[in-house]
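Remember, it's 1-based here, ligands and their atoms both numbered in the order they're listed. Worth knowing before you read on, the calculation uses all heavy atoms, side chains too, and leaves out hydrogens, waters and symmetry mates.
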Amino acid sequence: MLILLMTLEELELDSLEGVGPARKQKLIDAGIHTIMDLAVRGPSEVADTVGLDLAAAIELCNKARTRLVEMGRLEKDFVSASEIYKRRQNIEKISTGTKNLDELLMGGIETQAVTEFYGEFGSGKTQLCHTLCIMVQLPKELGGLDGGAIYIDTENTFRPERIAGIAKARDLDPDPILERIIVAKAYNSPHQELIVRELGRVLDQNNIKLVIVDSAVAHYRAEFLGRGTLAERQQRLNRFMHLLLRYSETRNVAVVMTNQVQSVPDQFFGDPTKATGGHIVAHTSTYRIYLRRAGKNRIAKMVDSPYHMEREFPFILNEKGVDDPAEETTSRRGR
Ligand code: ATP
Ligand code: MG
């Protein structure tokens, strides 16, 4: 406990040379509460949100980086492969609660990564997110990480009743489970960005192992309607995505985001088989899984992973949230 307090003090903004009370307040108003936040947000964003000139922001962020490297909280600029290997050994996995999806993901949803589920409406993205909020809380021997979840809800589809229902169907007490899910409703894209900027503090103060953004791009879709604004939309989405990726790496948490694919192609969002965030989302996500309906079942397919095979597996939606298809179906498929 003492060590933890000391560490938090060392992260205080005003322990950094050049941060007086006024600047500290400005940083806090922009959701930058610690030195870690400074390093994670980076100079261009610090300059924009705090109203600093870029050179001063670069200097400030560099100081923050140096301090964190000295503290062993951040990797140096040049690191040996063995150090990266060591960090990657801390990667943990959250079971999806289904054998098939776990097999597709080679064990489950990883920390230090952004996993994107994309698919048409009703393909099961939100149901999967609800299930994961429960699974992450289980002890490690049962496939969880004994941690809480943050659910950033942009479409107003988070349902505590559904969480309670899934928990009961999995023989779990819903009350403590609901306690450990922090919900943030994002009403528009700037609000969604604000929530993510504040996320660092919430992650530091709670034992969170999973951050969900359902859906990541819905607000951007709705708000950016003309081609003329495409560049701004992509730039903001890019920042948003990179921030999430950095959180996942620096805090060793898993980030899961959903992305709706349109069945009817429209000229702005292009190819319907590509998720609506376009290239930005695709390139920032570490893993991308395409979900689709197939009769009563759903099918999940791994797309573009650096080391997973491009395979697909069936799953179903039921009272347990996401689940494996009935035994006969699976074994028949296997023959
Ligand atoms: P969107 O893109 O519109 O957000 P989505 O991919 O998030 O869609 P979900 O909300 O996850 O879709 O899935 C909706 C489907 O989940 C419903 O069509 C229904 O078939 C199924 N579903 C919801 N609740 C239950 C339940 N209690 N039991 C079984 N199936 C359910
Ligand atoms: Mg949904």
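Side-chain contact check for T111 and N252: at least one donor-acceptor pair (N or O, by modelled atom type) lies under 3.5 Å. Checked by atom type, the side-chain pair Y287/E110 shows a donor-acceptor distance below 3.5 Å.
For the Mg ion (ligand 2), the nearby protein N/O/S atoms, meaning those under 2.8 Å, are T126 OG1.
Both the backbone and the side chain of Q127 come within 4.0 Å of ligand 1, counting heavy atoms alone. Of the heavy atoms in N318, only backbone atoms (N, CA, C, O) come closer than 4.0 Å to ligand 1.
In terms of protein heavy atoms, atom 8 (O) of ligand 1 is closest to G122 N, 2.8 Å. Given atom 7 (O) of ligand 1, the protein heavy atom at minimum distance is T126 OG1, 2.7 Å. In this structure, atom 17 (C) of ligand 1 lies nearest to the protein heavy atom R298 NH2, 4.5 Å. In this structure, the protein non-hydrogen atom closest to atom 2 (O) of ligand 1 is K125 NZ, 2.7 Å. When hydrogens are left out, the protein atom nearest atom 4 (O) of ligand 1 is E155 OE1, 3.7 Å; that is the closest non-hydrogen contact. With hydrogens left out, the protein atom closest to atom 31 (C) of ligand 1 is R162 NH2, 4.2 Å, a heavy atom. Atom 3 (O) of ligand 1 has its closest protein heavy atom at F121 CB, 3.2 Å. Here the heavy atom of the protein found nearest to atom 30 (N) of ligand 1 is L317 O, 3.7 Å.
In terms of heavy atoms, G31 sits closest to R41 at O-NH1, 3.5 Å.
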Show, in sequence, the C-alpha distance, side-chain angles and deciding distance for H219 and Y187, and conclude whether the ring-ring contact (aromatic ring centres under 6.0 Å, His included) test is met.
CA-CA 8 Å; H219 284 315; Y187 295 102; 8.2 Å; no

Output, in order, the C-alpha distance, side-chain angles, deciding distance and verdict of side chain to side chain donor-acceptor pair (under 3.5 Å) for S123 and R293.
CA-CA 6 Å; S123 55; R293 286 170 189 261; over 6 Å; no

Stepwise side chain to side chain contact (heavy atoms under 4.5 Å, CB included) test for L68 and I35
CA-CA 8 Å; L68 291 163; I35 292 176; 3.9 Å; yes

Test side chain to side chain donor-acceptor pair (under 3.5 Å) on D214 and T258 and set out the steps.
CA-CA 5 Å; D214 183 22; T258 68; 2.7 Å; yes

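Annotation for ligand 1: atoms under 4.0 Å from non-hydrogen atoms of E120 are 6 (O). Atom numbering of ligand 1 starts at 1 in the shown order; those under 4.0 Å from a heavy atom of Q260 are 1 (P), 2 (O), 3 (O).
Of the candidates I134, V136, L128, L132 forms a side chain to side chain contact (heavy atoms under 4.5 Å, CB included) with just one, namely L128.
Ionic pairing of R180 and D146 is present here: one or more N-O contacts between side-chain nitrogen and carboxylate oxygen are shorter than 4.0 angstrom. Taking the charged nitrogens against the carboxylate oxygens, E92 and K140 do have a contact shorter than 4.0 Å, which makes a salt bridge.
Protein heavy atoms are found less than 4.0 angstrom from atom 25 (C) of ligand 1.
The shortest distance between side-chain heavy atoms of T286 and L245 falls below 4.5 Å.
No donor-acceptor pair under 3.5 Å is formed between the side chain of D14 and the backbone N or O of G20.
Every side chain to side chain contact (heavy atoms under 4.5 Å, CB included) that L194 has, sequence neighbours left out, goes to H191, R197.
Considering backbone and side-chain N/O atoms, G124 comes within less than 3.5 Å of an N/O atom of ligand 1.
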